[in-house]
Amino acid sequence: MAQDQDNFRDTIGTINEEGKRAWVFPKKPSGKFWKYRTYVSYFLLAFLISAPFIKINGNQFLMFNVLERRFNIFGFPFWPQDFHLFVISMIIGVIFVALFTVAFGRIFCGWMCPQTIFMEMVFRRIEYWIDGDRGAQIRLDRQKWDAEKIRKRVTKWIAFFIISFLIANVFLAYLIGSDRLIQYITDGPLQHVSTLISLLIFTAVFYFIFAWFREQVCIIACPYGRMQSVLLDNKSIVVAYDHKRGEAENGRKKFRKNEDREALGHGDCIDCFQCVNVCPTGIDIRNGTQLECVNCTACIDECDTIMEKVNLPKGLIRYASEDEITKKEKFKFTPRLKGYTAVLTILTGVLVGMLFLRNDLEANILRLPGQLYEHKEGNIISNVYTYKLINKTTQDINEVSFKLLSHKGTVKLVRNQDFQVLAQDLAEGTLFIEINNSAIESDKEKVKIGVYSGDKLIETTRTAFLAPRSYK
């Protein structure tokens with residue numbers, strides 16, 4: 001009996017018994033949580049669209065240029081040499097999401113995930129506007145291909161394609177930078193055919209996701225749904241059906257006016273299926289927590305509306321933990337949550353400290369491979385090196401020079417002694433370090449070199465200096 005009741009867990013809500021796609025036609029949601037989600041979504045949509053075009057100290061607010069291995073996070077530039085900082089940032093993000101999942105379930109998916117925001121707040125709204133609400137969409141789907149259906153389908157597909165193209169442009173701004181994207185648009189598409197092809201590929205991907213794949217992204221493709229089974233427990237607050245109240249002793253029952261449901265032993269659930277009809281992933285929340293549930297709260301709003309109409313208390317479906325429903329236990333800050341919080345706090349502190357300690361200019365000086373030292377007149381030992389300077393700022397660094405800090409000696413550049421490192425650019429070249437042999441104590445000495453801008457020391461680095469074996 002229990003196995004039969006749980007057989008819904010053997011499949012997913014968007015696949016029918018024949019193994020074919022069961023298209024979901026959710027009812028247009030409304031209610032208190034829907035209104036709050038709308039405000040949050042509008043804010044996040046504005047943020048997602050504007051973030052690549054916002055500049056802080058000349059740095060793009062968010063950029064993930066994988067090809068050139070340059071990343072900007074909240075205005076902080078990360079170069080390949082800062083990869084450890086980028087990794088720590090990503091780990092912090094994962095732990096932050098895990099912490100919220102342990103505490104509040106899949107709330108990120110329903111309220112903040114770009115997939116949900118674009119799907120529910122943009123594409124479905126266009127669908128409601130063109131095709132109508134749930135009932136009208138179902139009738140249109142079953143309708144033969146007449147002039148009305150062709151007109152609505154073509155209008156919707158064109159609208160979806162245009163929005164997908166705009167999203168692809170924003171996505172490209174995250175990858176290559178907004179300045180370069182604007183320059184490409186100004187130059188015209190024919191001047192950058194490869195970029196145009198990439199843009200059309202991104203457009204096709206977004207169109208496929210939002211026009212056809214839709215909720216399958218959350219159910220099949222996204223690994224976060226699978227993470228729920230690992231992270232959630234009975235103390236996690238999720239969108240939950242109060243089965244104690246809804247089922248009572250004799251289960252749910254259709255509503256009949258002036259009927260004493262309590263005396264008959266029936267719960268408050270009137271089996272109206274409105275929570276199922278409004279669900280964007282097509283599940284029945286009354287079956288309990290499921291991987292398809294994205295905590296969008298649409299079923300909460302719909303159930304509260306129905307409860308109000310039949311004069312029953314709201315909250316039959318609500319944010320609650322399993323322990324709250326079965327044991328009446330309120331939410332507690334468990335040791336598990338404390339552990340996640342401690343790790344998150346430590347990693348955040350480490351990241352902030354490393355960001356403050358990071359220099360604006362990265363210097364690397366390495367001996368030229370395969371080259372030994374050279375013995376010059378006056379007992380001078382000379383080594384040849386290659387240097388690489390990375391300017392992480394948005395300002396040019398002028399009058400750059402090198403000086404020995406650990407030994408008395410000279411640094412000679414192959415180029416002019418003073419040069420310039422352009423903003424967010426790389427300067428590299430060759431230099432010689434010359435030290436009197438009397439000042440060298442070993443055949444492989446560590447020397448410290450200072451990088452100056454004018455008279456200001458801006459960075460120090462160390463390298464190896466080879467010399468004849470000493471017999472002192």
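Note that the numbering runs from 1 along the sequence shown for the chain. Atoms considered below: every heavy atom in the structure, side chains included; atoms not considered: hydrogens, waters and symmetry mates.
- Every pair passing salt bridge (charged side-chain N to carboxylate O under 4.0 Å, His left out) that includes a residue from residues 27-45 is listed here, sequence neighbours excluded: Lys27-Glu302.
- The salt bridge (charged side-chain N to carboxylate O under 4.0 Å, His left out) analysis of residues 85-97, with sequence neighbours excluded, yields no pairs.
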Report, one line per pair, each donor and acceptor closer than 3.5 Å where one atom sits in a side chain of residues 336-357; sequence neighbours left out.
| residue | atom | partner | partner atom | Å |
| --- | --- | --- | --- | --- |
| Arg336 | NH1 | Leu231 | O | 2.8 |
| Arg336 | NH1 | Asp233 | OD2 | 3.1 |
| Arg336 | NH2 | Val230 | O | 3.2 |
| Arg336 | NH2 | Leu231 | O | 2.9 |
| Thr341 | OG1 | Leu337 | O | 2.7 |
| Thr345 | OG1 | Thr341 | O | 2.8 |
| Thr348 | OG1 | Leu344 | O | 2.7 |

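- Seen from the ring of Phe78, Arg358 counts as a face-on cation partner, given the 6.0 Å and 45° thresholds.
- With sequence neighbours excluded, no residue forms a side-chain hydrogen bond (donor to acceptor under 3.5 Å, both in side chains) with Thr386.
- Salt-bridge check for Arg214 with Glu127: passed, with a basic side-chain N closer than 4.0 Å to an acidic carboxylate O.
- The distance between the ring centers of Phe160 and Phe123 falls below 6.0 angstrom.
- Looking at residues two or more places apart in sequence or on another chain, you find a side-chain hydrogen bond (donor to acceptor under 3.5 Å, both in side chains) between Asn59 and Gln424.
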Indicate every side-chain donor-acceptor pair of residues 91-110 with a distance under 3.5 Å to a residue at least two apart or in another chain.
| residue | atom | partner | partner atom | Å |
| --- | --- | --- | --- | --- |
| Thr101 | OG1 | Val97 | O | 2.8 |
| Thr101 | OG1 | Tyr224 | OH | 2.0 |
| Arg106 | NH1 | Leu291 | O | 2.4 |
| Arg106 | NH2 | Cys218 | O | 2.9 |

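- Considering only residues two or more places apart in sequence or on other chains, Thr203 meets the side-chain contact (heavy atoms from CB on, under 4.5 Å) condition with Phe161, Ser164, Phe165, Ala168.
- Remark: Phe206 engages Phe171 in a ring-ring contact (aromatic ring centres under 6.0 Å, His included) (not counting sequence neighbours).
- Taking Phe33 as the reference, Tyr319 meet the ring-ring contact (aromatic ring centres under 6.0 Å, His included) condition, with sequence neighbours excluded.
- Each salt bridge (charged side-chain N to carboxylate O under 4.0 Å, His left out) pair with one or both residues in residues 371-382, not counting sequence neighbours, appears once here: Lys376-Glu434.
- The side-chain hydrogen bond (donor to acceptor under 3.5 Å, both in side chains) search around Lys55 returns Asp179, not counting sequence neighbours.
- Aromatic rings from Phe25 and Tyr128 are positioned such that their centres are separated by 6.0 Å or more.
- With sequence neighbours excluded, no residue forms a side-chain hydrogen bond (donor to acceptor under 3.5 Å, both in side chains) with Glu324.
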